[in-house]
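This report concerns only the one structure given below.
Lettering of chains follows the sequences in order, A, B, ..., and the numbering in each one begins at 1. Every value quoted in this text rests on a predicted model; they were computed, and no experiment measured them.
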Amino acid sequence: MLDIRLIREKPDFVRSRLATRGSGEEQKIDEVLAVDAERRKLETALQQFNADRKRLSKEVGVARSRGDDCAEVEERVRKIGDEIAELVRQTAAAEEQQRDLLLNIPNLPHPGAPVGKTAAENPVVRTWGEKPRFSGPVLDHIALGAKLQLFDTERATKLSGSGFICFTGAGARLERALIQFMLDLHSREHGYLEVSPPFLVRRDCMIGTTQLPKFEEDMYGFEDGAMFLAPTAEVPVTNLHREEILAASELPKKYVAYTPCFRREAGSAGRETRGIIRVHQFDKVELVRITRPEDSYAEHEALTADAERVLQSLGLHYRVIELCTGDVGFGSAKTYDLEVWSPGQNTYLEVSSCSNFEDFQARRMNLRFKEAEGKNRFPHTLNGSGTALPRLFAALVEAYQQADGSVRVPEKLQAYFGAKEIR
RNA sequence: GGUGAGGUGGCUGAGUGGUCGAAAGCAGCGCUUUGCUAAAGCGCCGUACCCCAAAAGGGUACCGAGGGUUCGAAUCCCUCCCUCACCGCCA
């Protein structure tokens, strides 16, 4: 949520930053300003009436204790009470309208973000490693999975419909090994506190991390929208401190969590339905940081580096792209995507998205920290996948396949997996 | 699921219709006394919003949330949420 004061004081700045997203949200600014002006007018009037009532009611109390007659004053207060009831109604309506508008306006992209309209304009920031070379034909993860019986999408469909995977045998073990490997890497070597949060969250949490109200159709909700299956561990983990005032000395907070992620993927039916690239439930290890505002961009680089370390440790070629203003997510000011190379599909697959939300989520969650001088401020929140699993799984088996259709297990993973190859 | 007890400021904890944003204690900050430490004394010490060009200052709201009763609600009534205890059920 943007700061209404920023909008009030620098509307042109806000409009021009929003305009770089190319989705027309800057047109909502005039409406917000109008509602804000109306709201404040109502509030000022309401406060005046409240002050009058408070004062006169006290007079009644004093008069009664003396035994004086005060029917006239009581009548006046009663009339003021009617005015107040009406103003309260109007003020509440204006507040709600303002909040609804604000909740639907995206974050301002970072001034340094590359301006562009679509994903095609996302610049490559750096690449690591090289594409593996193969002498013979290259199988994709679907062929390898079938050959080695790593997963069973047909039976998963029988259970849950299309878009679900059931890992089996060595595939299930590899999935588990990857999760354990990543959790250990981040908690032991990168200083994150491991948490295992609930996968079901209340509606307020989904609003806090910006999945709602705009993207409800992508979420699995139930109990009339009161509860949701978390689409990412970002939701339960970032909301851990919602409505809290942290001590400045506690920052930065660094959390790592493994959770399954549930997404309807509404509107993407038919796209990438083969294999395990786009599914309704997938595993992910997520990194979250809560930082001081002035540190957040350095922390963002560090968090991205932590996610990259996963791919480096596994010896997988990848590239880092920065999302342009037209592609950056609703709540994010700046995002790097990590894309791992998939030899079987001859393309890069997004396995991580590392974002700095600045104070956009903190303001929605009312998450604050107390400065040494006692002033409360909104911290910045960041998160990034470290990393998402089915795609990592796919890239890994494709990159480490051998001529006979077996798959070598990367050295760092062998202890977790318990073998050097899958055949 | 049942029964009971509760939700008050960073914490503990008073307050059962008015002058209460709320006693007191602890913690924190500042000052004084003081070889050091300790102790004592004095003062300050919630959040959000509104008015004001800003500061100074003023005001309103907030005692789990939302409604109601009343001239007036932390206090009375209703609904909901949550916590704790015991019982039941259960991986």
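- Within a heavy-atom distance below 4.0 Å of RNA chain B, the residues of residues 39-48 of chain A found are A:Arg39, A:Arg40, A:Glu43, A:Thr44, A:Gln47.
- Counting to the nearest Å, the C1' atom of B:C49 and the CG atom of A:Asp3 are 13 Å from each other.
- Between B:C84 and B:C71, the distance separating the two P atoms is 41 Å to the nearest Å.
- The six-membered or imidazole ring of A:Tyr336 lies near that of A:His300, with a centre-to-centre distance under 6.0 Å.
- Residue A:Arg203 is out of contact with every strand shown, counting any heavy-atom pair closer than 4.0 Å.
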Let me see the working for A:Glu286 and A:Tyr255 under side chain to side chain contact (heavy atoms under 4.5 Å, CB included), right down to the final yes or no. CA-CA 8 Å; A:Glu286 183 78 1; A:Tyr255 290 111; over 6 Å; no
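- Following rounding to the nearest Å, A:Arg8 (CZ) and B:C51 (C1') show an atom-to-atom distance of 12 Å.
- Taking the charged nitrogens against the carboxylate oxygens, A:Asp295 and A:Arg289 have no contact shorter than 4.0 Å, which rules out a salt bridge.
- Across the protein-nucleic acid pair, A:Asp82 atom CG and B:C71 atom C1' stand 12 Å apart, rounded to whole Å.
- Between A:Glu234 and A:Lys284, no side-chain nitrogen of the basic residue sits less than 4.0 Å from a carboxylate oxygen of the acidic one, so the salt-bridge criterion is not met.
- Salt-bridge annotation for A:Glu31 and A:Lys28: absent, with no side-chain N of the basic residue lying under 4.0 Å from a carboxylate O of the acidic one.
- Secondary structure note: stems in RNA chain B built from 3 or more consecutive Watson-Crick or G-U wobble pairs under 3.5 Å occupy B:1-7 with B:81-87, B:10-12 with B:24-26, B:28-32 with B:40-44, B:46-51 with B:57-62, B:64-68 with B:76-80.
- Other residues, nucleotides and ligands place more than 12 heavy atoms under 6.0 Å from the CD atom of A:Glu121.
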Letter by letter from the 5' end, nucleotides 61-66 of chain B scores (B base, S sugar-phosphate only, - none; protein heavy atoms under 4.0 Å) S-----
Going through the distances and angles, do A:Tyr318 and A:Gln312 end up as a side-chain hydrogen bond (donor to acceptor under 3.5 Å, both in side chains)?
CA-CA 9 Å; A:Tyr318 68 90; A:Gln312 293 168 5; 2.8 Å; yes
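- Between the NZ atom of A:Lys370 and the C1' atom of B:U47 there is a distance of 9 Å, rounded to whole Å.
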For nucleotides 7-9 of chain B, list the nitrogen or oxygen atoms of the protein found under 3.5 Å from its nitrogen or oxygen atoms, one pair per line.
none

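- Taking atom C1' in both B:G64 and B:A23, the straight-line distance is 22 Å, to the nearest Å.
- Checking B:C49, B:A48, B:C71 against the side-chain heavy atoms of A:Arg5 singles out B:C49 as nearest.
- Put simply, A:Arg368 has no side-chain N or O that comes within less than 4.0 Å of OP1 or OP2 on B:U47.
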Going through the distances and angles, do A:Asp12 and A:Arg15 end up as a salt bridge (Lys or Arg N to Asp or Glu O under 4.0 Å)? CA-CA 5 Å; A:Asp12 292 335; A:Arg15 264 190 288 258; 3.0 Å; yes
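- Of the residues near RNA chain B, A:Glu75 and A:Ile4, the one whose nearest nucleotide (by heavy atom distance) lies more toward the 5' end is A:Ile4.
- Comparing the same atom, C1', in B:U75 and in B:A22 gives a spacing of 12 Å after rounding to whole Å.
- Taking the side chain as every heavy atom from C-beta outward, A:Tyr348 and A:Ile321 never approach each other to under 4.5 Å.
- With salt bridges taken as basic N to acidic carboxylate O contacts below 4.0 Å, none links A:Lys79 and A:Asp82.
- Note on A:Glu294 versus A:Arg377: salt bridge recorded, some NZ/NE/NH1/NH2 to OD/OE distance being below 4.0 Å.
- One interatomic measurement links the two molecules: CD1 of A:Ile84 to C1' of B:A73, which rounds to 14 Å at whole-angstrom precision.
- Taking atom P on both B:G18 and B:C76, the two are 12 Å apart, rounded to the nearest angstrom.
- Contact between A:Pro11 and A:Leu33 at its shortest, heavy atoms only, is CB-CD1, 3.9 Å.
- Distance check on atom C1': B:G46 versus B:G9 gives 5 Å, rounded to whole Å.
- For the P atom pair drawn from B:G43 and B:C51, the interatomic distance equals 35 Å after rounding to whole Å.
- If you measure from atom CD of A:Glu243 to atom P of B:C82, you get 15 Å, rounded to the nearest angstrom.
- The same atom, P, is picked in B:C62 and in B:G72; the two are 13 Å apart, to the nearest Å.
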Polar atoms only, N or O, under 3.5 Å: list the protein pairs with nucleotides 16-18 of chain B and their distances.
{"unit_1": "B:G18", "atom_1": "N2", "unit_2": "A:Ser57", "atom_2": "O", "d": "2.7"}

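- Comparing B:A56 with B:U8, their P atoms sit 33 Å apart, to the nearest whole Å.
- With sequence neighbours excluded, the residues that form a side-chain contact (heavy atoms from CB on, under 4.5 Å) with A:Asp36 are A:Ile4, A:Arg8, A:Arg39, A:Arg40, A:Gln98.
- Between A:Glu244 and A:Lys253 there is no salt bridge, since no side-chain N of the basic residue sits under 4.0 Å from a carboxylate O of the acidic one.
- With respect to A:Arg55 and A:Asp52, a salt bridge is recorded, a charged nitrogen being found less than 4.0 Å from a carboxylate O.
- Using a 4.0 Å cut-off between charged side-chain N and carboxylate O, A:Glu86 and A:Arg89 make a salt bridge.
- For A:Arg78 and B:U69, the CZ to C1' distance is 13 Å, given to the nearest whole Å.
- Atom CD of A:Glu411 has 12 or fewer neighbouring heavy atoms from other residues, nucleotides or ligands inside a 6.0 Å radius.
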Let's go through A:Glu358 and A:Lys334 carefully: what are the C-alpha distance in whole Å and the side-chain angles of both, what is the deciding distance for side chain to side chain contact (heavy atoms under 4.5 Å, CB included) to 0.1 Å, and is it a yes or a no?
CA-CA 9 Å; A:Glu358 298 191 346; A:Lys334 179 173 180 174; over 6 Å; no
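- Regarding A:Asp204, its CG atom lies at a distance of 11 Å from the C1' atom of B:C81, rounded to whole Å.
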